2 protein chains.
Amino acid sequence: MVVDQLSASGMDRIFHAFADATRRDIVVRVITGEYSVSELAAHYDMSFAAVQKHVAVLERASLVLKEKRGREQIVSVNFEAVRRAQQLLDEYETIWRQRVDRISDILAEDKKASP
Amino acid sequence: MVVDQLSASGMDRIFHAFADATRRDIVVRVITGEYSVSELAAHYDMSFAAVQKHVAVLERASLVLKEKRGREQIVSVNFEAVRRAQQLLDEYETIWRQRVDRISDILAEDKKASP
DNA sequence: CTGATCTACAACCATATGGTTGTAGATTAG
DNA sequence: CTAATCTACAACCATATGGTTGTAGATCAG
């Protein structure tokens, strides 16, 4: 299992996008419903431009898409990118379990050796 | 479900720690085996101090612990912090599924309404 | 004891990040 | 047509990040 191409700047972007509470909050909103950029902006105590930048970070990470509808841009989640992050953490989980199992085996061997 | 306290700087740190390929690689190494800081540093094309900083980032995120052993510091993973990130993404998954189910229901209603 | 090794930490630098304000282009409402 | 709304983007600023080199304290090997 490869786990991670060292040049995985896609993963860099995905995790970086998650590394901010405002952006995580935006993700939850756009998972649950439809929001334009200005509707999103209304919920945060910062400028429209700042929220626009947060959306841009999510967009660069492919976590969200923008779809023009009239004069507004509707933000929606691209769950595939969320899954990419999930899978990476799941691979850690797999390696972790293998290691724990291996250590358990060693301890079991010990027990057998000195009863 | 709360999903995320907006002041979750712990999550910020965890995801930020994952947002770098070198740090993700370090995590894999210390999951699978025992490494001192200098042993880790030997594997990367950067200074010892740079790797030391990466380890510090992982440490601040509680993803790894350092344990002094003689003159070296052995780095080990704290899997609980990994699980925190996993759980957050799993909650997204839950919300996502609920939303998909809800949309499916609506579509099913439509079908029933116009057969 | 002496020298080599491992670590910590400071100082420094270039660039990225996260915020601001301001300007301008589309689009809609009246 | 005009005014209001939504968006995009540039310019700017303070601070954070990711790298470097250099210095110094512990610890181990011989």
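Any value given below was found using the heavy atoms of this structure, including those in side chains, with hydrogens, waters and symmetry copies removed. Treat the numbers as computed from the prediction; the structure is a model and nothing was measured. Here is the naming used below: chain letters follow the sequence lines, and residue numbers restart at 1 for every chain.
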**Q** Phosphate oxygens OP1/OP2 of D:dA8: is one of them under 4.0 Å from a side-chain N or O of A:Gln52?
**A**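 Answer is yes, contact under 4.0 Å.
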**Q** Counting C-beta onward and ignoring hydrogens, is there a side-chain heavy-atom pair between B:Tyr92 and A:Ile31 closer than 4.5 Å?
**A**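 When only atoms from C-beta onward are counted, A:Ile31 and B:Tyr92 do touch, with a gap below 4.5 Å.
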**Q** Go through residues 35-43 of chain B and report each residue with a non-hydrogen atom lying under 4.0 Å from DNA chain C, sorted by number.
**A**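 Within this stretch, B:Ser36, B:Val37, B:Ser38 sit under 4.0 Å of the strand.
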**Q** Below 4.5 Å, heavy atoms only, C-beta onward: do A:Leu63 and A:Asn78 meet side chain to side chain?
**A**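 Not touching, per the 4.5 Å side-chain cut-off.
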**Q** Do A:Gln86 and B:Glu93 have a side chain donor and acceptor closer than 3.5 Å?
**A**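 B:Glu93 and A:Gln86 do have a side-chain donor-acceptor pair below 3.5 Å.
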**Q** Summarise protein proximity over nucleotides 17-30 of chain D in one line of letters, 5' to 3': B for base, S for sugar-phosphate only, - for none, counting protein heavy atoms closer than 4.0 Å.
**A** SBBBB-----BB--
**Q** Does a side-chain N or O from B:Lys66 land closer than 4.0 Å to OP1 or OP2 of C:dA8, or not?
**A**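 The answer is yes; a side-chain N or O of B:Lys66 sits under 4.0 Å from OP1 or OP2.
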**Q** Quick one: does A:Gln73's side chain have a donor or acceptor within less than 3.5 Å of a partner on A:Lys68's backbone?
**A**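 Between the backbone of A:Lys68 and the side chain of A:Gln73 there is a qualifying donor-acceptor contact (under 3.5 Å).
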**Q** C:dT5 C1' sits how many Å from B:Ile74 CD1, rounded?
**A**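 About 14 Å, once rounded to whole Å.
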**Q** Can you check the A:Glu72 CD to C:dT27 C1' distance for me, whole Å?
**A**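 From A:Glu72 CD to C:dT27 C1': 10 Å.
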**Q** Is any side-chain heavy atom of A:Arg83 less than 4.5 Å from a side-chain heavy atom of B:Trp96?
**A**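 Yes, at least one pair of side-chain atoms sits under 4.5 Å.
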**Q** Between the two ends of the helix from C:dC1-D:dG30 to C:dG30-D:dC1, what is the bend in degrees, rounded to 10 degrees, where each end axis spans five pairs?
**A**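 It comes to 30° between the two terminal axes.
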**Q** Mind checking whether B:Val30 and B:Leu40 have side chains closer than 4.5 Å, heavy atoms only?
**A**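 SC-SC contact between B:Val30 and B:Leu40 confirmed.
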**Q** Take atom CD of B:Glu34 and atom P of C:dC6, then tell me their distance rounded to the nearest Å.
**A**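 Nearest whole value for this atom pair: 16 Å.
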**Q** Rounded to the nearest 0.5 Å, what separation is found between the CG atom of A:Leu58 and the CZ atom of A:Arg13?
**A**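 It is 13.0 Å, given to the nearest 0.5 Å.
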**Q** Round to the nearest Å and state the distance from A:Gln73 atom CD to C:dT27 atom C1'.
**A**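 Value for this atom pair: 12 Å.
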**Q** Please find the pair of heavy atoms, one from B:Ala81 and one from B:Ser62, that lie closest to each other, and give the distance.
**A**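 For B:Ala81 and B:Ser62, the tightest heavy-atom pair comes out as CB-O, 3.3 Å.
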**Q** Check B:Glu34 with B:Arg69, please: is the shortest side-chain N to carboxylate O separation under 4.0 Å?
**A**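 Looking at B:Arg69 and B:Glu34, the cut-off is met.
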**Q** Give me the atom names and distance for the closest heavy-atom approach of B:His16 to A:Ala19.
**A**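 For B:His16 and A:Ala19, the tightest heavy-atom pair comes out as N-CB, 3.4 Å.
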**Q** Any carboxylate oxygen within less than 4.0 angstrom of a Lys/Arg side-chain nitrogen, looking at B:Arg29 and B:Asp25?
**A**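 Result for this pair is yes, salt bridge flagged.
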